[in-house]
Amino acid sequence: MATSMTLACYIVVLGISMLGLRGAEAQRAFFVFGDSLVDNGNNNYLATSARADSPPYGIDYPTGRATGRFSNGLNIPDFISQAIGASESTLPYLDPELNGERLLVGANFASAGIGILNDTGIQFVNIIRIYRQLQYWEEYQQRVSALIGAEQTQSLIEGALVLITLGGNDFVNNYYLVPYSARSRQYNLPDYVKYIISEYKKILRRLYEIGARRVLVTGTGPLGCVPAELAQRSVNGECSAELQRAAALFNPQLVQIIRELNSEIGSDIFVAVNTQQMHVDFISNPQRYGFVTSKVACCGQGRYNGIGLCTVASNLCPDRRVYAFWDPFHPSERANSLIVQQILSGTSDYMYPMNLSTILAMDSKKN
């Protein structure tokens, strides 16, 4: 998940004379939390099977190499970084190159396989669960404070843009992972959704407590329509009704807790990103968006290229630009760019209570 998106940079002046850069300006910091849809490579540094650090991942990335992004090229955080005028994409927090001045750009804490719940993704063993990601952010703030001081660090954090993407794995890699899973025996679907939504609200509140003041919160995509689910559950290419029901229950309740949190805080801290509708657009009318197919993954094997992992042994499409899905679960680079265009300028059908362009314009007036 490249386009010609141009926005006026939002500049935050930081006192970074300790770095020997007196008078320099740095762009708005950007922080990313979540799962494989937004992981920039943290899992490369972990002993886990949830990795994307080998070909053909990254085939269209500027370096032509696999980076740990679950994409043929750029992902959603990369395009958001471009949109806010960042000098570079955020590095994974575990990347040893994330130090010194580069810390001021922000950091990506996301880890493929995680969910809202701690038992989501246990099959992947070593992944950075969400509360650990938040602990890393607190550690990051201490590191930056040692560089530029506590006051400037607080300004950087409170002026930053934050993206969080959670929820899909709580269905795909937990509730529906196997028939009669532990969670599906414990809860019927509506009650499970209420439970994970209540847990997500705690996560978002904690994010606010440790400094987040502008947070994009993405919903789940149309879970039943990804090639992996079509391969397992579809007869004639129709989306899985049960997984679609899960998304249809989850996403409106996510918007509701965002309303509640913003009301409790008294400010529009959290912004709901309707990624379900963004994906549905591609799925219902792929040709309108320049895609040949939204059912078959570019990289994979079996029905709809939706079976197994994307590896060098997989089928690989020759033109990634005309596929909405790169692998059995993840959008292609071009689909990611279109999603970010909606994040930037989408109507209230896509962004609640405002889109990113409005946020950038509003925040620039404060400074």
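Keep in mind the model is a prediction, meaning the values are calculated, not measured.
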Participant: Does a side-chain heavy-atom distance below 4.5 Å link Gln253 with Lys194?
Facilitator: yes
Participant: If the test is side-chain hydrogen bond (donor to acceptor under 3.5 Å, both in side chains), which one of Glu229, Glu242, Gln232 qualifies with Tyr176?
Facilitator: Glu242
Participant: Can you see which heavy atom on Thr153 is nearest to which on Gln141, and at what distance?
Facilitator: CG2-O, 3.6 Å
Participant: So is Arg259 actually on top of Tyr352's ring, under 6.0 Å and inside 45° of the axis?
Facilitator: yes
Participant: Report the residue from Asp39, Asp60, Asp53, Asp78 that forms a salt bridge (charged side-chain N to carboxylate O under 4.0 Å, His left out) with Arg69.
Facilitator: Asp78
Participant: Quick one: which of Asn169, Asp170, Asp35 gives a side-chain hydrogen bond (donor to acceptor under 3.5 Å, both in side chains) with Thr120?
Facilitator: Asp170
Participant: Does the side chain to side chain contact (heavy atoms under 4.5 Å, CB included) test come out yes or no for Arg183 and Leu117, once each step is laid out?
Facilitator: CA-CA 11 Å; Arg183 287 298 189 182; Leu117 304 182; 3.8 Å; yes
Participant: I'd like to know whether the aromatic ring centres of Phe291 and Phe282 sit less than 6.0 Å apart in this structure.
Facilitator: yes
Participant: Below 4.5 Å, heavy atoms only, C-beta onward: do Cys310 and Pro56 meet side chain to side chain?
Facilitator: yes
Participant: Please confirm whether the backbone N or O of Gly237 pairs with a side-chain atom of Tyr304, one donor and one acceptor, at under 3.5 Å?
Facilitator: yes
Participant: May I ask you to decide if Asn236's main-chain N or O and Glu238's side chain share a donor-acceptor pair within less than 3.5 Å?
Facilitator: yes
Participant: How close do His330 and Phe70 get, counting heavy atoms only, and between which atoms?
Facilitator: CB-O, 3.4 Å
Participant: Around atom CD1 of Ile210, are there more than 12 heavy atoms from other residues, nucleotides or ligands closer than 6.0 Å?
Facilitator: yes
Participant: Could you give me the CA-CA distance, side-chain angles and deciding distance for Asp119 and Asn174, then say whether side-chain hydrogen bond (donor to acceptor under 3.5 Å, both in side chains) is met?
Facilitator: CA-CA 8 Å; Asp119 58 301; Asn174 192 329; 3.1 Å; yes
